[in-house]
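Order of the sequence lines fixes the chain letters, A, B, ..., with proteins taken first and strands second; residue numbering starts at 1 for each chain. Predicted model only: the values in this text are computed from it and were never measured.
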Amino acid sequence: MPVYSVSRRRAIALLALTSILLITLDIQGNSVVRGLRGVFSTIFEPVQSSARVMTRPLENSWRGITNYGELEAENQRLQDQLDQQEGAFIAALATARDAQELLALNGIDNLADISSVTAQVIGGTPSNYSQTIEINQGSDRGLRVGMPVVNAAGLVGRITWVDNDRSLVLLANDSLYAIPVQVVNQPNIVPATTTTTTTSTTTTTSTTTTSSTTTTLPVVPPVSAVVDPNGITTTTQSMTTTTVDLSTVDFGALAPTTTGVIVTIAPGTTAGGPTTTLNLDDLPIAETGIFRGRGIDNAPVVEFIDQNSRFGEVQVGALVFTSGGSQSLAPRGIVVGRVIKIVERTGTSGAVLEVRLTAKLTSLNFVRVLLYQPVATGAP
Amino acid sequence: MIDFVNKPVARLILVGLPALALQTTFFAEVKIFGVVLQIMLALSIAAGLAGGSENGALAGFVFGLMFDLVLTSPLGLSALVYGAAGWGAGYLHSRALENPKWLNALVVGLMSGLATFVLPIVANWIGVEGWLSSRLTKVMIVVALSNALFSFLVVPIARWSLAIRRSQRLAPPAEVFL
């Protein structure tokens with residue numbers, strides 16, 4: 001005895017086929033599907049707003065019950081952090097100002113030039129798989145689909161749907177999120193090949209020859225270093241400081257062709273001994289790749305690293321920034337995160353860098369939408 | 001107007017809109033062990049229990065489609081899976097001569113866990129990566145248990161949505177006579 005008649009089977013098959021058709025159309029970016037979402041949103045918005053108003057007290061009660069102790073501890077911890085960062089903030093302001101001046105001098109866009117709109121997060125993701133948030137600003141304030149969303153820590157996501165007074169933000173860890181990025185090595189390791197003490201050095205490169213006088217103290221490996229635009233300061237474990245003045249080296253000119261170039265810091269004419277070499281490869285380098293979210297549980301990755309890059313030199317801890325570009329949906333320089341793992345792959349596919357985002361996407365409250373659109377889309 | 005409201009599809013939408021509003025506001029914020037509870041899925045399965053597999057598939061499709069319309073995932077994905085869950089619940093319902101509340105809760109829980117597992121698999125097939133993860137087990141368990149509890153509330157709502165009368169409810173499932 002058949003459990004289902006032919007007409008029932010047909011009806012159920014029709015529903016399944018309709019679903020598959022909709023999935024296909026949506027994946028292809030069909031405009032009808034987009035329109036359908038827009039129409040439904042218009043109908044649904046008043047119902048949702050009412051529900052939000054009615055359920056807010058319940059949400060707050062729930063949070064109060066479940067998170068009170070945690071919030072109290074976090075509040076204390078944040079207060080301590082705030083005190084510590086007060087001084088750092090002042091120093092950072094000065095550095096940021098210097099950086100902006102340098103960028104302006106070189107005609108490079110920087111984030112400070114881009115208008116932004118601050119928005120409050122009014123809703124989380126209603127699904128266990130999609131990573132989205134809803135914010136309380138929309139097209140009335142100039143928001144458009146694709147605009148990058150950031151907070152004080154770094155990249156948060158991008159606008160994926162806009163209404164008049166609210167928008168949906170696709171978070172950077174969603175599997176549908178992708179953006180071109182640069183990976184910049186932390187300049188924390190400068191291999192020193194000698195422990196010779198010198199009082200005068202000559203700096204030469206394979207492309208330019210310059211001379212400068214620096215004072216160097218004994219270098220005792222292992223060595224850590226910090227690079228600033230004016231030179232390199234190397235600090236040894238024994239608290240001995242080595243200062244190498246590279247201010248006369250034109251790094252801007254070297255940047256595109258520095259692969260494998262060695263800056264040789266030779267002993268001065270009055271001092272004998274072996275040569276100390278400083279490999280420019282150890283200075284900050286930028287690799288380009290595609291950043292891609294992989295869901296709530298998996299660390300986002302940077303892949304499709306430029307095949308010409310010196311991949312082995314990308315280190316754990318390297319910084320990841322948006323790379324910008326005429327077609328990128330985000331301007332250059334937004335902090336994305338740090339490399340936490342390098343997964344080598346065989347063949348030509350290259351390695352994959354796992355990234356820890358600097359923005360904490362699980363506890364967003366206020367975000368900033370950069371009113372930026374790539375040149376390719378005819379942005380203002 | 002009353003005739004319109006009495007039609008199952010109209011009632012499904014009338015029930016679906018506030019349920020979706022709850023899903024996107026209250027349940028999006030109130031998480032259990034970091035898992036978002038799935039009231040739309042519970043309603044879809046409950047419709048299968050209340051009205052049989054065909055009605056369950058229809059209700060699941062409608063509720064899933066409404067949910068898809070507010071998500072960034074491909075439109076039709078939840079509709080497909082929720083429709084299948086509603087159909088499956090109706091099928092299981094037709095296998096039993098009696099359906100006490102505890103059995104309904106059990107079926108809602110089982111089908112919820114299954115649908116929660118199937119959804120990322122289907123998503124993976126169509127190219128949406130990142131949904132299959134170790135967290136899935138926790139999500140399945142929490143959604144299954146919560147929906148089993150919701151069943152005591154959503155099954156009566158689903159009956160009203162599908163305009164199931166008491167006489168129909170007490171009769172054996174339609175599939176038995178086909």
Checking heavy atoms, do the side chain of [X], its backbone, both or neither come under 4.5 Å from chain B?
X      : result
A:N128 : both
A:R292 : side chain
A:T160 : side chain
A:L58  : both
A:L170 : side chain

Heavy-atom check, side chain of [X] versus side chain of [Y], under 4.5 Å:
X     : Y      : answer
A:L36 : B:L75  : yes
B:S73 : A:Y129 : no
A:F44 : B:T24  : yes
A:L22 : B:L65  : yes

Notebook entry, point to check: Out of A:L21, A:L15, A:V47, which one racks up the most heavy-atom pairs below 4.5 Å with chain B?
Noted result: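 Option with the greatest count: A:L15.
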Item checked: Option in A:S175, A:A16, A:G295, A:G293 with maximal non-hydrogen atom pairs under 4.5 Å from chain B ->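 Top option by heavy-atom pairs under 4.5 Å: A:S175.
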Item checked: Selection from B:G76, B:G127, B:G64 maximising heavy-atom pairs under 4.5 Å formed with chain A ->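 Going by pairs under 4.5 Å, I would pick B:G76.
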Checklist line | Approximate separation, where rounding is to 0.5 Å, of A:D174 CG and B:W131 CH2 | finding: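 So the CG of A:D174 and the CH2 of B:W131 are separated by 8.0 Å.
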Notebook entry, point to check: Which atoms form the tightest heavy-atom contact between A:S127 and B:L71, and what is the distance?
Noted result: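 Answer, listing the atom of A:S127 first, then B:L71: CB-CD2, 3.8 Å.
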